Chemist: 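My structure is below; once you've seen it, I'll send some questions.
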Amino acid sequence: EVQVVESGGGSVQSGGSLRLSCAASSDTTTSYSMAWFRQAGGKEREGVAAVGGDGQPWYADSVKGRFAISQDNGADTLDLQMNDLKPEDAAVYYCAASTRPLRYLQGAIPRPAYYSYWGQGTQVSISS
C-alpha cells in the first residue's frame, strides 16, 4: 500500500504564492508517477501538474507560466510552487501517485482514474 501525504495549503491574497509539498511512501516500492489535482466546489477534479515516469513535466494550460513542479527531495516527492495566484485557483488540492510509469505526451492529460493512491487534500484559499 502506498501512503500519500500533502502539506502547505493555506490562504493567500491574490497575486501571492504558496508552495505545496507531497510525499509518497511504501514498504514495497519507491518508484512512482505523481501528480497534483484540484477540485473546486461543484466541479470535477482536474489535473494541475504532473510528472511522468520519464521525468517530463505536464501543466494544465490555466497554470502554465505560474506554477512549477519539482522533485528536489527525491522521485517520491512532488512539490508544487504556485505563483501569481488567482481567485480561480482556489480549490482543494490533492496529490496522487501511481506505481505505473505514466507519461504525458502532447494532447494527453492526467486523469484521476490513472492514479490509485491519493492524499487527503489540502485547502488553498485566495482572497482579493
Side-chain angles (χ1 to χ4, degrees):
E1 187 71 19
V2 177
Q3 305 296 317
V4 180
V5 179
E6 314 111 328
S7 63
S11 61
V12 64
Q13 61 186 353
S14 182
S17 298
L18 280 175
R19 187 176 182 89
L20 307 183
S21 298
C22 176
S25 62
S26 172
D27 290 336
T28 58
T29 185
T30 56
S31 180
Y32 311 100
S33 295
M34 301 179 69
W36 281 97
F37 291 78
R38 67 187 181 188
Q39 188 167 24
K43 300 181 68 175
E44 293 186 351
R45 192 168 298 186
E46 63 178 359
V48 177
V51 62
D54 58 357
Q56 296 282 48
W58 176 93
Y59 297 95
D61 288 343
S62 60
V63 307
K64 286 181 179 177
R66 300 189 297 119
F67 291 11
I69 52 174
S70 63
Q71 294 186 293
D72 295 339
N73 297 311
D76 58 343
T77 70
L78 189 65
D79 287 359
L80 180 66
Q81 178 65 47
M82 304 185 292
N83 298 320
D84 191 25
L85 284 160
K86 303 176 180 180
E88 53 263 42
D89 295 318
V92 177
Y93 283 70
Y94 296 91
C95 184
S98 173
T99 56
R100 294 181 169 84
L102 302 173
R103 291 182 291 178
Y104 298 102
L105 307 177
Q106 287 292 323
I109 62 174
R111 297 286 190 183
Y114 299 167
Y115 297 87
S116 298
Y117 307 101
W118 293 83
Q120 292 294 304
T122 186
Q123 178 73 52
V124 172
S125 301
I126 312 296
S127 60
S128 60

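Nothing here was measured: the structure is a model prediction, and the numbers come from that model.
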Chemist: Which heavy-atom pair separates W36 from C22 by the least distance, and what is that distance?
Modeler: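 Looking at all heavy atoms of both residues, the closest pair is CZ2-CB, 3.5 Å.
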Chemist: Mind checking whether L102 and I69 sit in one hydrophobic cluster, side chains of I, L, V, M, F, W, Y counted as touching below 4.5 Å?
Modeler: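 No, L102 does not connect to I69 through the hydrophobic network.
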Chemist: Tell me, do V12 and S17 make a side-chain contact under 4.5 Å, heavy atoms counted?
Modeler: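 A side-chain contact under 4.5 Å is absent here.
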Chemist: Considering all heavy atoms of both residues, which atom of R38 and which atom of A91 are nearest to each other, and what is their separation?
Modeler: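 Looks like CB-CB, 3.8 Å.
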Chemist: Just so I know, are the side chains of Y93 and E6 near enough to count as touching, which here means a heavy-atom distance under 4.5 Å?
Modeler: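 Y93 does not reach E6 side chain to side chain.
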Chemist: Just wondering, more than 12 heavy atoms not from Q13 lying within 6.0 Å of its CD?
Modeler: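 For Q13, atom CD is not crowded (no more than 12 foreign heavy atoms under 6.0 Å).
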Chemist: Check whether any side-chain N or O of W58 sits under 3.5 Å from a backbone N or O of A108 as a donor-acceptor pair, and report yes or no.
Modeler: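 Yes; judged by distance alone, with no hydrogens or angles, the pair exists.
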Chemist: Between the side chain of S11 and the main-chain N/O of S125, is any donor-acceptor distance below 3.5 Å?
Modeler: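 Not at all, since once roles are kept as given, no pair shorter than 3.5 Å links the two residues.
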Chemist: Report the distance from atom CZ of F37 to atom CD of E44, rounding to the nearest 0.5 Å.
Modeler: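 With rounding to 0.5 Å, CZ (F37) is 12.0 Å from CD (E44).
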Chemist: Would you say V63 ends up clustered with Y104 if hydrophobic residues are merged whenever their side chains have heavy atoms under 4.5 Å apart, either directly or through other cluster members?
Modeler: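 No, Y104 and V63 fall in different hydrophobic clusters.
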Chemist: Would Y32 and Y117 count as a close aromatic pair, with their ring centres under 6.0 Å?
Modeler: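 Centroid distance Y32-Y117: not below 6.0 Å, so no.
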Chemist: Looking at side-chain heavy atoms only, is the closest gap between V124 and L20 below 4.5 Å?
Modeler: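 Yes - at least one pair of side-chain heavy atoms lies under 4.5 Å apart.
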Chemist: For A97 versus Y115, what's the shortest heavy-atom pair and its separation?
Modeler: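 Shortest heavy-atom separation between A97 and Y115 comes out as C-CD2, 3.6 Å.
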Chemist: Let me check something: do V48 and V5 share a hydrophobic cluster, defined by ILVMFWY side-chain heavy atoms less than 4.5 Å apart, either directly or through other members?
Modeler: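 Hydrophobic grouping puts V48 apart from V5.
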Chemist: Check for me, please, whether L18 and Y59 land in the same ILVMFWY cluster - side-chain distances under 4.5 Å, paths through other members count.
Modeler: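 Yes.
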Chemist: Between atom OH of Y114 and atom OG of S98, what is the distance when rounded to the nearest 0.5 Å?
Modeler: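 It is 11.5 Å, given to the nearest 0.5 Å.
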Chemist: Can you find a pair of side-chain heavy atoms, one from F67 and one from L85, that are under 4.5 Å apart?
Modeler: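 Yes, at least one pair of side-chain atoms sits under 4.5 Å.
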Chemist: With rounding to the nearest 0.5 Å, note down the distance linking CG in D79 to OG in S7.
Modeler: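 Rounded to the nearest 0.5 Å, the CG-OG separation comes to 8.0 Å.
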Chemist: Would you indicate whether the side-chain heavy atoms of M82 and I126 approach each other to under 4.5 Å?
Modeler: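 I126 vs M82: side chains apart.
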Chemist: Under 4.5 Å between any side-chain heavy atoms of Q71 and L78, yes or no?
Modeler: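 Yes. Closest side-chain heavy atoms under 4.5 Å.
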Chemist: Under a plain distance cut-off of 3.5 Å, with no hydrogens placed, do Q81 and N83 share a side-chain donor-acceptor pair?
Modeler: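 Present: a donor and an acceptor within the cut-off.
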Chemist: So which atom in G121 and which in V92 form the shortest heavy-atom distance, rounded to 0.1 Å?
Modeler: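 Smallest heavy-atom distance, with atoms named: CA-CG1, 3.9 Å.
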Chemist: For the pair K86 and D89, find out whether any cationic side-chain nitrogen is under 4.0 Å from an anionic carboxylate oxygen.
Modeler: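 Here K86 does not pair with D89 in a salt bridge, since their nearest N and O are not under 4.0 Å apart.
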Chemist: Is V4 reachable from Y94 through a run of I, L, V, M, F, W or Y residues, each pair having side-chain heavy atoms under 4.5 Å apart?
Modeler: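 Different clusters.
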Chemist: Does CZ in R111 sit with more than 12 non-hydrogen atoms of other residues, nucleotides or ligands closer than 6.0 Å?
Modeler: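 It does not: R111 CZ has 12 such atoms or fewer within range.
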Chemist: Working to the nearest 0.5 angstrom, can you tell me the gap between S26 OG and E1 CD?
Modeler: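 Between atom OG of S26 and atom CD of E1 there are 8.0 Å.
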Chemist: Heavy-atom count check: over 12 atoms from other residues, nucleotides or ligands less than 6.0 Å from R103 CZ?
Modeler: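 Incorrect, the count does not exceed 12.
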Chemist: Please give me the minimum heavy-atom distance between A50 and A35, naming the atom from each residue.
Modeler: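 Scanning both residues, the minimum pair turns out to be CB-CB, 3.6 Å.
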